[in-house]
Amino acid sequence: MKKLNMSLLKNIKKINIPLLIGSIILIFIFGMCLYPEYFTEADPYGRERTQYKYENGKSILVIPPIPPNDEYPLGTDHRGRDLKSLIIYGSKLTIFSALTVALIRLIIALPLSIAAAYKVRFTNGFINFFNIMFSAFPLIIAVIVLSNIALFQDIFKDATYVNIFLLSVLGWSRLSHILRTKIDEILMQDFIEGEVAIGKNKLEIAVQNIIPHLIPSIIVLFFLETAMVLLSFSQLGVFGLVFGSGYEGATGEVGVPIEFDWPSLLSLSKYFYRGDYSYLSIYPAIAFAFAIIGFNTFGEGLKIEFEKENSRVITFIRAMPSFLSPIRLIYEIKNYKQYKRSVLGKVGFYITILLIIFCPKYESPYGFDENNAFKITKELTDDIFKGRLTGFQDKDNNPAQYIVNKLKEYGVKAYGDDYILENTIQEVFNIKYAELSMIDTKTFSEKKLKFRQDYIVASNFNYDGILDAENIEINDGIFENMANEPDYYKEKALIIDIRSMTQKDFISLNGFMKYYVQPNVVIFIENWKQQEARYKSDIINKNMEDTVIISLSSEAGDELLRMGKCKLKISVNAEKRNDVIGRSVVAYIPGIDESKKNDFVIIGSNLDGIGYDLDEKYPSAGRASSAAISLEIARTLIQNEVKPDRDIIFAFWDGNMTDDRGSKSFFYKYLINRNYRIFYIDLMNLGYKSSDKLMIDNTKIFPNSKEEQDFIKRLKKNAKRNDFELVYGTLYSPAVIDFTGSDSQPLLIDSFISNEIVHTPKDTLEEIDTHSIKQVGQMLLDTLIDSFSGGSNK
Amino acid sequence: MMPLLKVENLQVSFPWKNKSVKAVDGVSFDVPHKKIIALVGESGSGKSVTALSVMGLIAYEGGKIEGGEIIFDGQEILRMKEKRLSKIRGKDVAMIYQDPMASLNPGISVGDQIRESLLIHKIASRKESKQIALNLMREVGIPDADQRYGSLPASFSGGMRQRIMIAMAISCRPKLLIADEPTTALDVSLQADIMNTLQELKNKIGMSILLITHDLGLVAQHADNVVVMYCGKVMEESPVDKLFEEPLHPYTIGLMNCIPRIDVTQDQLFYIPGCVPSIYDYPMGCRFHNRCSKVKPICREKMPKLINLNDDRKVRCWLYQ
């Protein structure tokens, strides 16, 4: 027994414990970075909402942040996001940023250290200067101050890159000092003189002799430096520095969620470091500590290993080039009898690598017919449907009837009594005529602006008159003036340049005008150019009743401002139709699992077009394409006799640009107060050939809704299979208002595409192609089958 | 004919405390073409410092050239810029060090180290240089050159490492090879081997060798001329046969007497009485005077000059002045 213990102790002493512990920690961390979905089921984008929940027979109001509980072991943040998944998903950006900073610091420090060791002029002084500067002046303060300089933001665009750049170029000097000492030791070795004796110059000695001998030290320093960088990150986080950035919404929506990183989690600590919410600081801090310990321990372990004379690790590393050498393999194959085992091992290794790289592409057994979807898109964007404007369709020849015919053809059942769900829409309008002219009060010259080129009308209020132009700027006195003299402003055409206005100021001003002034005419100068007429309903605030709202292009706006004092001749004639009928189409494929009879998947798309100008071409091809994709999915499911476990509803909404939405009507007729569990998927604008990414918004899905989060994971997997990328963002779709609730969670899918196409007259069939339709359609089809029918039955 | 190497009044010092001490003090000698010149003397006599000065490497040892001239193949070495000097080192003048293990790069294979000179001086392309390196390894007697090409220096014996050093040194067919105690760290059996190899190569390539050694046996067998150094100065310079036949300087006589003779019965081995003076405190006058059996009063007061006796012998001694 004693002998066994001694032997065990001997063996334990041989083990490099720091290296072992460090390796385990780093494997865990890198696993988390690369495959976060295996470490947590919750999705970091999903959010808990302020809502009532029933617990133990009581109704409790739940407001994020939610402290740790059974549902969320680490709690949620103030946005309702699961903290555990934030930490896990945030590891990638944090760790890889730290590795990048450490690497760049080494790249800067190494040549400077070599130059200093060779006593190149000024190098030593330069290194010492940086050392002294950032010993006396805290690096983190310098980074925080400099990261706010607009120049860096303009150059790098992304906060991540700004921070990486600053931390790298300001923090390398300590490394340089360490490397310099090691280089001096190498230069003292006898063989260096031998290298000089054969005629090598300093550069050759540096590259061929110094650097190879430095490699073990560089590797060790890399890991130790990464730990130092992570420590700096944690400090920066406490000071409020954020790493992550986000993406713009695909259709002009500017909703930019912050990407996940550990420093930004700590940036909330100043608000939440006490009491019940201290966990919001503690858990990210623990994550940092864990990573720092991992990198430090691994680095120290490597150092011990490199200093060993007969290190197995070093022997293994040294053997790698020979192992991987194809020349060596050929030699061994030629002498197969002698090297049989080695040949078999190496050939096996190479075959495995080749299989991974050249793995045959996945082919779905459910072929999505993109040509059929494209044909439907083409038919929906035909002129006969007049841009699919709600309330302006022929009774017999309209897009709703077209969709119904297709559904019947495919054998998809109607949801409810009929395919068509009619609802009354209080008012729709079409701008039949508009005129806007600028009259110079000095010269009385008149400049007429072109409707739909220089400006568009975003209201349905008829008007005819000439008003003085009044330029409104946000300053300290404006609100007071408006409150004191509302009539003065009411009688003016208010010119508001919103190009450099913040969202907050815009909303404040609009609200104030609506409440105090109720102006006759408001003209917004915006950031669009001529020839780029856009549908502005979501940007322009329509809350002001009885006000003509005009959106002016950038060029026309500048011309107006240059004119200074002038009058504006405004005439708008809106054709209004009241109590028109909206026609949404709803069909479904029934589910076969009785236990899921109260669970629904609803795939929604917009049947109607956009725009208030009947005479303007807004084919809305992206929306039509989304409806076509939805139809084609329905057809494929029926054709392949796929049996979903729950009802899958295909809804084609009409009137969703108005308050009397088709989706709202459907919700109130069929779903309200029935305790159904609904997963709503909104297809917004899809199929664009210029879009190689899709944006999804799952911020309204609860982090721990397993089925929905699994759907998103499968969506990502199928997106990869179809060769495109999913990005996250904040999107807006009117239907989502109706499907956001305690038992109803929406997922929005949109193309990641330039604002110059979507919702403009350029949004035509020419922007759509079958390849893009195929990518999106196949992805959605496969994901639906994987998620709701137990996978492929083929 | 102009000698290949002419060292004239070389003075080399090293910093010590706030002063400097001269390790080489006015050394002059020539190395003719295709000859082996032996530089002999005890440890600390300044032999290696002289060799390093010829290579332009004295600064790496912390030394400084205080004066003199070194003319190699018609070019003044001491005032040459480093860039120009690096073109000569390894190509026209090469060096073999006493301890090959310390001088070989432990992290690079021997084959690659041999071809380094060829690549640096663009003697051959990458592909050709490998073949040349293999040939050199065979030439210097390294067995299984193909197998051992990729081996690290640590896997070789002392003798083999020295051969590798030789291969490295001769790779560019230098005009002058400086061999600094090339056999001191080796067994006697290997010493002859190495020296024979050097001799053969010298004949084959036509290079000159500056052999630095304290082994008079080697000198007798291989050198053409001998330069005897003591305390940083040349004491005697002579063709080898004349030196052994009739050494002139008392120090040289003492060195000769120190060689054990098989044909002479001795109760006790001969030794030169006294110690080599400290470099920091050389005596006035002749630096050998406090160990010399033939010392005269003038020896204690004045340093004798190195004078020519006949055309081919020089000696620094008051006995001959």
Side-chain angles (χ1 to χ4, degrees), chain A residues 117-121 182-219 306-311 314-315 317-325 327-332 334-335 338-339, chain B residues 48 51-52 54-62 81-109 112-123 146 150 152-154 164-165 167-172 174 177-178 180:
Chain A
Y118 277 141
K119 297 182 177 37
V120 171
R121 225 193 262 186
K182 295 201 182 291
I183 293 168
D184 282 340
E185 283 170 14
I186 294 170
L187 285 175
M188 299 278 284
Q189 306 255 338
D190 288 335
F191 73 84
I192 293 291
E193 194 179 301
E195 301 289 354
V196 178
I198 65 168
K200 276 190 185 174
N201 59 35
K202 285 181 180 174
L203 180 62
E204 283 164 335
I205 291 173
V207 171
Q208 295 170 17
N209 299 106
I210 295 177
I211 291 175
H213 279 273
L214 267 183
I215 285 173
S217 301
I218 290 172
I219 293 172
F306 287 138
E307 283 167 5
K308 273 187 197 171
E309 272 189 20
N310 298 316
S311 163
I314 306 303
T315 310
I317 291 170
R318 284 214 173 116
M320 283 314 289
S322 172
F323 179 84
L324 293 172
S325 165
I327 299 169
R328 177 83 192 157
L329 177 61
I330 292 166
Y331 174 79
E332 287 179 2
K334 283 180 182 171
N335 297 285
Q338 199 181 344
Y339 298 101
Chain B
S48 297
L52 288 171
V54 171
M55 287 292 291
L57 295 174
I58 201 62
Y60 286 87
E61 301 292 333
K81 287 215 158 89
E82 182 62 27
K83 198 174 170 184
R84 178 86 189 96
L85 205 51
S86 65
K87 288 192 190 323
I88 295 174
R89 281 193 206 118
K91 185 168 175 258
D92 296 328
V93 55
M95 187 157 174
I96 304 171
Y97 288 84
Q98 181 176 344
D99 182 3
M101 196 55 215
S103 309
L104 289 169
N105 190 328
I108 301 178
S109 70
D112 284 342
Q113 290 196 61
I114 293 169
R115 61 197 273 238
E116 271 186 328
S117 273
L118 296 165
L119 294 171
I120 288 163
H121 297 291
K122 296 183 176 54
I123 305 286
D146 292 293
L152 294 175
I164 291 161
M165 288 278 314
M168 281 171 66
I170 63 161
S171 61
C172 294
L177 176 68
I178 302 175
D180 187 357

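Just so you know, these numbers come straight off a predicted model, no measurement behind them. A note on names: the letters A, B, ... follow the listed sequences, proteins ahead of strands, and every chain is numbered from 1.
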Given B:His121, B:Met168, B:Lys91, the one with more heavy-atom pairs under 4.5 angstrom with chain A than any other is B:His121
Measuring from atom CD1 of B:Ile108 to atom NE2 of A:His213, what distance do you get when rounded to the nearest 0.5 angstrom?
6.0 Å
Given a strict heavy-atom distance threshold of 4.5 Å, which part of B:Leu52 is in contact with chain A: side chain, backbone, both, or neither?
side chain
With a 4.5 angstrom heavy-atom cut-off, which part of A:Gln189 approaches chain B: side chain, backbone, both or neither?
neither
Looking at B:Gly107, B:Pro106, B:Cys172, B:Ser171, which makes the most heavy-atom pairs under 4.5 Å with chain A?
B:Pro106
Chain B interface, residue from A:Met188, A:Glu195, A:Lys202 that has the most non-hydrogen pairs under 4.5 Å
A:Glu195
Please classify the contact of B:Ile88 with chain A as side chain, backbone, both or neither, using a heavy-atom distance under 4.5 Å.
neither
From B:Ile120 CD1 over to A:Gln208 CD, what is the distance, rounded to the nearest 0.5 angstrom?
6.0 Å
Honestly, the part of A:Glu193 sitting under 4.5 Å from a heavy atom of chain B is both
Check B:Met55, B:Met95, B:Arg89 against A:Val196 for a side chain to side chain contact (heavy atoms under 4.5 Å, CB included) and give me the one that passes.
B:Arg89
Heavy-atom pairs under 4.5 Å with chain B are the metric here; pick the option from A:Asn209, A:Ile198, A:Asp190, A:Asn201 that has the most.
A:Ile198
If every non-hydrogen atom of B:Tyr97 is compared with every non-hydrogen atom of A:Ala197, which pair is closest and at what distance?
OH-CB, 3.6 Å
